[in-house]
Amino acid sequence: MKKRRLITSALPYVNNIPHLGNLIQVLSADVFARYCRLAGYETLYICGTDEYGTATETKAREEGITPKELCTRYYTIHKDIYDWFNISFDKFGRTSTDEQTEIVQSIFLKLYENGYINEQEIEQLYSEESDMFLADRYVRGTCPHCGYTEARGDQCENCGKVLDPSDLVDPRSALDNSRPVMRKTRHLYINLPAILPKLEAWMKEASVSGRWAHNALQMTHSWIRDGLKERSITRDLKWGIPVPLEAFAGKVFYVWFDAPIGYISITATHTSDWESWWRNPDNVELFQFIGKDNIPFHTVIFPSSLLGTHEQWTMLHHMSSTEYLNYESGKFSKSMGIGVFGNDAQETGIPADVWRFYMFYNRPETSDAVFTWDDFQEKTNGELIGNLSNLVNRTLTFVSRYYEGSMPQGAGSNPTFWAEVAEREAKITEFFEWAQLRSAFRAVFALSSLGNRHFQAGEPWKTRETDPDATAALLADLVYLVRDIAILIEPFLPETARRIAVFLGIEELTWSMLGTSEGITAVGRPEVLFRKLEDGQIKDLRERFSGSQADRAAAAKMDETFASSVRLVAARITDVKRHEKADKLFVEQIDDGSGAERQIVSGLVGFYEPEELVGKTVIVVDNLKPAKLRGELSQGMLLAAENEDRSIVEVLFLNDVEPGTQILLEGIDRTLEDPPVIDVDTFFSIPIEARQSVVRVADRPLTANGRQITTERVADGSVG
RNA sequence: GGCGGCGUAGCUCAGGUGGUAGAGCAAACGGCUCAUAUCCGUUCGGUCGGGGGUUCAAGUCCCUCCGCCGCUACCA
């Protein structure tokens, strides 16, 4: 009796539109689920959007709609994309449901009864105006580290320091601008260390029987080694699941606690019999498909939550974690809009099966992989069309042309050929069993290639009249091989498999048909399965979705960007001290002409002595967000040129330039009066270089009082 | 600087527990014509990032250096 298989793919966060890199997990689980169904396992594939949490609450607030409305909007986008890719979910649900509330609360209460939940009292900011505790990111104020006035309570966007909202100087509510007060609040923590012995006992066995990947195990172990502590599971938010304790009314669970439980609750929205899946470890195997960044949640946090209930749950059996898919020369990036997104794929006019083909042919199974348009074209034309599609086409065309579409009747099948096929099919099945999808897929193409060789070696176009009996037998073998290939690719290319089945007059493909030679009586004239990807088409797509094109455009106007975002001024160094707690840093007092005191920190120890700097006039980035370097405030940054190996660092000194003078780009002589505050990354995104001893941005030299700024020792190098 | 990952043929990638380097594509040549100028065969091609070590034997283990990516820092 085969076990039932419960399959999940990581729940995508609702307000992210998935790109090809994200789609891999959902597609992988789909292939596995389709395989399991064909192979006769009772299968359930569950996924859905993860909806609770501050991110959606904030975004909904900004747009003036309810979080639920926002989620519904995005849920539809997700669903459309997955539908287009033919993902065969048994249920694609969402986490904002009554079932989720009920199950999360009951799991929590079990943990609570079993003593794995602790509470701690902390002080948090509270808005009396809005009558609510403020989530970390709803508090704004002045960063205690760098002085940035718009710092958020969770993290200062300026200096990047992780903050506690209570650290903020002069805090205010981002909702109503009122001044929040400190108020005591209590939060609940799950005691993961207390559950650890159970977790380890379970993991020791599960990781072996489920054949967890080496890297997943290693990641889990290191996570346990240096990170396992009590984790807070509640928040003072509205958009979430209420904590079912009177003393905690008004609080909700933190998303990471409830999200994995979404797998269970979504099942519950699909069938009232959900416990037969999730509370049935003896008969159900759980396969989870995730990205490599998600491993600890599925190996530690979620299992711990379940183990802590002291009840029976269906726990993770096999985990398939994919690596990253990169795009052309870089990474897929949601924030920067780089790459191909789910909705883009639809608009290319390229069928879903072709996308699916390439995603699996090049699935990032054991290491990161790269999506390139050239490779996409090459693999599609060469393998999908030249190899597999061609075998189908040449075989079926031959039969329908020379045998009027009826199944050739010959001297019986070739046992040597079928022995080889059977061996390969067994291997492919084994790959499928452990979700080694890419290996399985490639092996199918190798099998197809074998078919092409068999066809070629048999030369039926020659023997058709000289030895009709043998020729008919050969063709019959090939037709059944085509049928087998249709079965084997169904999980990957469902639409294509269905079309081949139609040519062969087969209603339903199943794994048990593999290797058999019966059931087909007639062959229809096949239509071409795929159109080749043309050079011009690929070129257009590459340009349309090219990040580098945007980069080129940006580079072309880099000087403009610089002129409108970076303000450089001359400043005189009045004092230099060694930083007491740092080996490489000087702390300089400077006069920037404004009369105000100003301090900057520079990593010049070893390159300059203090007396070489005092009294000199240097160039300072004026509108850089202040930062604290090893405890000392740095309000700006001085410019220095360095050669390639950083063996020479040359501070850019100015002669006869008054402090406060703005440094300009030649040809763009406009001063910047009210510059935006920029962070270091923004600053460094615009390269300043020394070329032939002239300091430039793009090709424009920097000038002070109309004179070009030059270097003495570093003729060519970068400036920062 | 620290932690993690990676570096295998022109390209995209395979290579549990160490035992004479693999696939596909690209390139060159030849063959075939049933098939979407497709298919089949042959050849070419790598001191497995550099160096050192352990071993009878290392792409595979250890050390070190270099380069790239991610996170991070007294980067700037």
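Hydrogens, waters and symmetry mates play no part in the numbers below; they use all other heavy atoms, side chains included. Letters A, B, ... are given to chains in the order of the sequence lines, protein chains preceding strands, and every chain is numbered from 1.
- What separates CD1 of A:Ile619 from C1' of B:A76 is a distance of 15 Å, to the nearest Å.
- For the P atom pair drawn from B:C61 and B:G70, the interatomic distance equals 25 Å after rounding to whole Å.
- Phosphate contact (OP1/OP2 of B:C34, side-chain N/O of A:Thr463, threshold under 4.0 Å): absent.
- For A:Leu474 and B:C34, the CG to C1' distance is 11 Å, given to the nearest whole Å.
- Within the 4.0 angstrom heavy-atom criterion, only backbone atoms of the sugar-phosphate kind lie near A:Ser449; the bases stay farther away.
- The nucleotide whose nearest atom lies closest to any side-chain atom of A:Gln456 is, among B:C39, B:A35, B:C75, B:C39.
- For A:Tyr402, counting side-chain heavy atoms from C-beta on, the closest listed nucleotide (B:U12, B:U36, B:C34) is B:C34.
- A:Phe530 comes within contact range of at least one nucleobase, with a heavy-atom separation under 4.0 Å.
- A ring-centre distance under 6.0 Å is not found for A:Tyr402 and A:Trp461.
- Distance check on atom C1': B:A27 versus B:C11 gives 12 Å, rounded to whole Å.
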>> side-chain contact (heavy atoms from CB on, under 4.5 Å) for A:Val620 and A:Arg598? Distances and angles first, verdict last.
In response: CA-CA 11 Å; A:Val620 171; A:Arg598 185 166 186 173; 4.2 Å; yes
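- Taking side-chain N and O atoms only, A:Lys379 has no distance below 4.0 Å to OP1 or OP2 of B:C11.
- What separates CD of A:Gln436 from P of B:G16 is a distance of 12 Å, to the nearest Å.
- Nearest nucleotide to the A:Arg401 side chain, out of B:C34, B:G41, B:C74: B:C34.
- Between the NZ atom of A:Lys532 and the P atom of B:C25 there is a distance of 13 Å, rounded to whole Å.
- Donor-acceptor pairing under 3.5 Å, judged by distance alone, is absent between the side chain of A:Glu459 and the base of B:C32.
- For the P atoms, the distance linking B:U60 with B:U20 amounts to 15 Å, nearest Å.
- B:A58 sits 14 Å from B:G15 when the C1' atoms are compared, rounded to a whole Å.
- Taking a pair to require two hydrogen-bonding distances under 3.5 Å in either a Watson-Crick or a G-U wobble arrangement, B:G1 pairs with B:U72.
- For the C1' atoms, the distance linking B:A23 with B:U8 amounts to 13 Å, nearest Å.
- Rounded to a whole Å, the CG atom of A:Leu384 is 12 Å from the P atom of B:C39.
- Contact annotation for A:Leu529: base contact, defined as any heavy-atom pair under 4.0 Å involving a base atom.
- B:U36 and B:G19 have their P atoms separated by 46 Å, given to the nearest Å.
- Residues A:Gln662 and A:Arg567 have side chains that bring a donor and an acceptor to within less than 3.5 angstrom of each other.
- Between the C1' atoms of B:U64 and B:A76, the separation comes to 29 Å (whole Å).
- Between A:Tyr361 and A:Phe492, the gap from one ring centroid to the other reaches at least 6.0 Å.
- At whole-Å resolution of the value, CD in A:Glu378 and P in B:A26 are 6 Å apart.
- Between A:Arg442 and the phosphate of B:A14, there is no side-chain N or O to OP1/OP2 separation shorter than 4.0 Å.
- Here the separation of B:G59 from B:U54, taken at their P atoms, is 15 Å to the nearest Å.
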